[in-house]
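First the structure, in the form of structure tokens, and then the observations on it.
The residues of the chain are indexed from 1 along the displayed sequence. All values reported here derive from a predicted model rather than from experimental measurement.
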Amino acid sequence: MRGRHADAYSMYKRGTRDYINAYDKEQGSVRSLNGVSKEIGNPSWKRSFLYILVASLASFLYGYHLGVINETLESISNDLHFNGNTMAEGLVVSICLGGGFLGSTFSGLIVDRVGFRRAFQLCALPMIIGSSMSATAKNLSGMLLGRLFVGTGMGLGPTLATLYVTEVSPAYVRGTYGSFTQIATSLGLMSSLLIGFPAKETEGWWRICFWVSAVPAALLALFMEFSPESPHWLFKEGRAADAEAAFEKLLGGPYVKGAMAELSKSERGGEAETVKLSELLFGHHRKVVFIGSTLFALQQLSGSFAALLLMDKLGRKVLLIGSFSGMVVAMGLQAASASSLVSSSNEVYLSVGGMLLFVLAFSVGAGPVPSLLLSEMFPGRIRAKAMSVCLASHWVVNFFVGLLFLRLLEQIGPLVLNTIFATFCLVAVIFVKRNVLETKGKSLQEIEITLLPPE
């Protein structure tokens, strides 16, 4: 079976080369590097818009489940009889992070095996099961198991949404569409807070909050059945005809040949080989994986709609540098507010001003940019697995920041702690300036060629 698949793939690759050569001769220099004809302009953004919204449901669910426990924890602890047990309450909040780490770790493997459409449906499944288990929990164990299931889906969701949006978006709006996932996360968080608001006054309302989350998860699984598969994944699987059909659905007929021609340039021989973890950490791709993991770690240690408008205008690198620089100033104001040099009358103004500036700076760059940027920088062959490695670092650092923040605040005080965070933000500015490539307006294949020239 394996041999037949390899033979079919080889025949497909030869056919694709002949197809591309013929197309290049026909088009000559008309086609630009981005696979877009200068005569016919950019493909319509409307074709892929609905599919981006469907994928963003995964990010909406991620935000919802992050926030749903905030307003409901007191009611849950009373009803399930662990009120006052801070360890149990902490486990209910943080066990999602353990599930998130597991989901993120295996997300790349799942995508490579079954494709994006089925992977999204697999992401929705534990969220539906976990939400139902949480909503019907009779004791602490049932709630923890439900939250663990939900966390697994949360770990899968952000990776899948970011990768899918990157691979199905036209290059000229990829940054804008990439911001949708961050906006969806924020909308999910706000929705959970609004829906959970009556939980303290209405008996059993917390169960409704968990039942509600099963609805968008079910919609995600349903709508993905009618969404196109990523042409990049189809091409790697040797399914050229299906990749063409997906491009036609996403871009329109006139753009299919150009997109296929460019896609073949980066998918050079051996793309069907299995990518090993050792290759990501120590091999040819170690630099981009290191950049990705560090960006996600600095994102957590340093710490929208503006990003939606600015991502494709100013560029990813500019937004990151400006964002982390603003966060340096913000954390500096926070540290200053805790200093003995500041009068008590001015302390509150510095503290509130620093917090508002931090939220603004984070939402413009450090929040939405890293996940999109890294999904653009990774070559198609390793994109899914490399993103899973980077997001695993995000979950690990996020866990320890959440676990140790209050303890550190108590032990070393706000002045020292905020100074440490400001230092990490400054390190992030330097790191981005030295290591990050600007990807604005570039095709995925052009980015790959720039970052990883042939060995």
*Going by heavy atoms in the side chains, are R113 and R118 under 4.5 Å from each other?*
no
*asked:* Less than 4.5 Å apart, side chain to side chain, heavy atoms only: is that true for E229 and D242?
replied: no
*asked:* I'd like to check L73 versus V92 (side-chain heavy atoms, cut-off strictly below 4.5 Å). Are they in contact?
replied: yes
*asked:* Show, in sequence, the C-alpha distance, side-chain angles and deciding distance for F223 and F120, and conclude whether the side-chain contact (heavy atoms from CB on, under 4.5 Å) test is met.
replied: CA-CA 10 Å; F223 291 151; F120 271 113; over 6 Å; no
*Return the minimal non-hydrogen interatomic distance between N42 and Y255, and the atom names on each side.*
O-OH, 3.1 Å
*Any chance you could measure I76, atom CD1, to S134, atom OG, to the nearest 0.5 Å?*
7.5 Å
*Please tell me if the side chains of S169 and I52 come closer than 4.5 Å, counting only heavy atoms from C-beta onward.*
yes
_Heavy-atom pair with the smallest gap, counting every atom of G196 and E71_ = O-CB, 3.3 Å
*For F247, does its backbone N or O pair with a side-chain atom of R47 as donor and acceptor, under 3.5 Å?*
no
*Nearest non-hydrogen partners of W233 and V114, listed with the distance*: CZ2-C, 3.7 Å
*Test log, rule side-chain contact (heavy atoms from CB on, under 4.5 Å), inputs Q121 and L222*: CA-CA 8 Å; Q121 291 171 331; L222 174 64; over 6 Å; no
_Distance (rounded to the nearest 0.5 Å) between T185 OG1 and Y62 OH_ = 7.0 Å
*Can you measure from OG1 (T166) to OH (Y177) and round to the nearest 0.5 angstrom?*
13.5 Å
*Evaluation steps, side-chain contact (heavy atoms from CB on, under 4.5 Å), between V256 and L251*: CA-CA 7 Å; V256 172; L251 304 177; over 6 Å; no
*Looking only at non-hydrogen atoms, find the nearest pair between V318 and E438 and report the distance.*
N-OE1, 4.0 Å
*Without swapping roles, check the side chain of R147 against the backbone of I95 for a donor-acceptor pair under 3.5 Å.*
no
_Check R239 with E244, please: is the shortest side-chain N to carboxylate O separation under 4.0 Å?_
no
*Atom CZ of R207 and atom OG of S132: how far apart are they, to the nearest 0.5 Å?*
12.5 Å
*To the nearest 0.5 Å, what is the distance between CD1 (I69) and CH2 (W206)?*
9.0 Å
*Does a side-chain heavy-atom distance below 4.5 Å link Y64 with I195?*
yes
*Report yes or no: does S107 contribute a side-chain atom to a donor-acceptor pair with the main-chain N or O of S104 at less than 3.5 Å?*
yes
_Rounded to the nearest 0.5 Å, what separates atom CG in L145 from atom CG in L140?_
11.0 Å
*Check H232 against L263 and note the closest heavy-atom contact, atom names and distance.*
ND1-CD1, 3.3 Å
_Expected output: side-chain K317 to main-chain K433 donor-acceptor under 3.5 Å_ = yes
_Any F149 side-chain heavy atom under 4.5 Å of S131 side chain_ = no
*Shortest non-hydrogen contact from I128 to A214?*
CG1-O, 4.2 Å
*Out of P228, S44, P43, which residue meets the side chain to side chain contact (heavy atoms under 4.5 Å, CB included) rule with L250?*
P228
*Do the ring planes of W45 and F49 sit parallel (below 30°), tilted (30 to 60°) or perpendicular (above 60°)?*
perpendicular
_Residue pair F180, S59: steps toward the side-chain contact (heavy atoms from CB on, under 4.5 Å) verdict_ = CA-CA 9 Å; F180 280 23; S59 296; over 6 Å; no
*Taking atom CZ of F106 as the centre, report whether more than 12 heavy atoms of other residues, nucleotides or ligands fall under 6.0 Å from it.*
no
*Are F421 and F424 close enough that their ring centers fall under 6.0 Å?*
no
*Heavy-atom distance under 4.5 Å between the side chains of E167 and R174, does that happen here?*
no
*Just wondering, do P170 and S48 contact through their side chains at under 4.5 Å, heavy atoms?*
yes
*Do T162 and T181 get their side chains close enough for a donor-acceptor pair, meaning under 3.5 Å?*
no
